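Presented below is the structure to which this report refers.
Since this is a predicted model, take the numbers as computed values, not measurements.
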Amino acid sequence: LTTTSWGPVSDMFTSWYNYDLTAPEYNIALANQILDDAGYTKDANGVRFSFTLAVLQEDALPTVGEVIKEYLREIGVSVTLYIPDRATFVEVLEYGPNGLPGEYAACIASGGTGPNVPLNIENLYSEKMLPGGVGSGENFYWYQNARVTELLTMSRIEPNQTIVREYMDEVQELVDEDLPVIWLYKK
């Protein structure tokens, strides 16, 4: 693992990266308060709820899964890791009838946004790119935001790259606000 960058675009793509985005602060007390306020109180064993976290068996991702499991344990969330190989991950989680967002509420996978950043962001975050949808893209997060889709569609036909950059900045801000994905690291 190397340096961190925050947002749907890696800071390796300096002309597209939105430097105004900042990662949320690591704050266990606030996380506990949010969960308490949402009605997820701890039981006698200190567990609020449990879920299975699917982790792609690739690079350091299983290790990342173990670290996240421990972080979540600190706030009373019990996690079981499911670590399939890539073929199973794609078959079950991305295209399976009960994959994301079905029986697996969260996953850890790898992906990228370059070198054609606007096209790749559209592929990952446009409503048109849901698995099995019109574009059959890679929006395996099942993320849906009409404004993001509109901006991405406009960026595809806009010849002025300055305007496309403005669209992409707004897309990054909206995705950052909705947070369908937590960006962990770049390599």
Inset, instruction - Would you check, one step at a time, whether the test side chain to side chain contact (heavy atoms under 4.5 Å, CB included) holds for R86 with Q57? - result: CA-CA 7 Å; R86 178 168 285 284; Q57 186 178 346; over 6 Å; no
Inset, instruction - Under the side chain to side chain contact (heavy atoms under 4.5 Å, CB included) rule, what do K42 and D36 come out as? Steps first, then yes or no, please. - result: CA-CA 8 Å; K42 293 181 180 179; D36 287 342; 5.6 Å; no
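A donor-acceptor pair is defined here as one N or O able to donate and one able to accept, closer than 3.5 Å; such a pair exists between the side chain of D43 and the backbone of N45. The backbone N or O of A87 lies less than 3.5 Å from a partner atom in the side chain of D85, making a donor-acceptor pair. For the pair Y143 (side chain) and L179 (backbone), a donor-acceptor distance under 3.5 Å is absent. Remark: side-chain polar atoms of Q172 are not paired, donor with acceptor, to backbone N or O of P8 under 3.5 angstrom. E158 places a side-chain N or O within 3.5 Å of a backbone atom of N160 that can act as its donor or acceptor partner.
A heavy-atom distance below 4.5 Å is found between the side chains of I108 and L53. With contacts defined as side-chain heavy-atom distances shorter than 4.5 Å, the pair I121/V171 qualifies. For the pair W183 and S10, the minimum side-chain heavy-atom distance is 4.5 Å or more. In this structure, the side chains of M168 and L152 come closer than 4.5 Å at one or more pairs of heavy atoms. Counting heavy atoms from C-beta on, the side chains of N18 and V9 never come closer than 4.5 Å. The closest side-chain heavy-atom distance from R147 to L174 is below 4.5 Å. Counting only heavy atoms from C-beta outward, the side chains of Y82 and C107 never approach each other to under 4.5 Å. Residues E127 and N139 form no side-chain contact, since every pair of their non-hydrogen atoms from C-beta on lies 4.5 Å or further apart.
Considering CG of L35 and CZ of R48, their distance stands at 4.5 Å, rounded to 0.5 Å. Here L151 contributes atom CG and E166 contributes atom CD; the two are 11.0 Å apart, rounded to the nearest 0.5 Å. Atom CG in N120 sits 11.5 Å away from atom CH2 in W16 (nearest 0.5 Å). Here D176 contributes atom CG and D20 contributes atom CG; the two are 10.5 Å apart, rounded to the nearest 0.5 Å.
The ring pair (Phe, Tyr, Trp, His ring centres under 6.0 Å) check on Y167 picks up nothing, with sequence neighbours excluded. Applying the ring pair (Phe, Tyr, Trp, His ring centres under 6.0 Å) criterion to Y40, with sequence neighbours excluded, gives F49.
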Atom pairs and distances, donor-acceptor, side-chain atoms in residues 69-76, under 3.5 Å, two or more places apart:
unit_1 : atom_1 : unit_2 : atom_2 : d
E70    : OE1    : R73    : NE     : 2.8
E70    : OE1    : R73    : NH2    : 3.1
E74    : OE1    : Y26    : OH     : 3.1

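Shown here is L81, whose CG atom has more than 12 heavy atoms of other residues, nucleotides or ligands within 6.0 Å.
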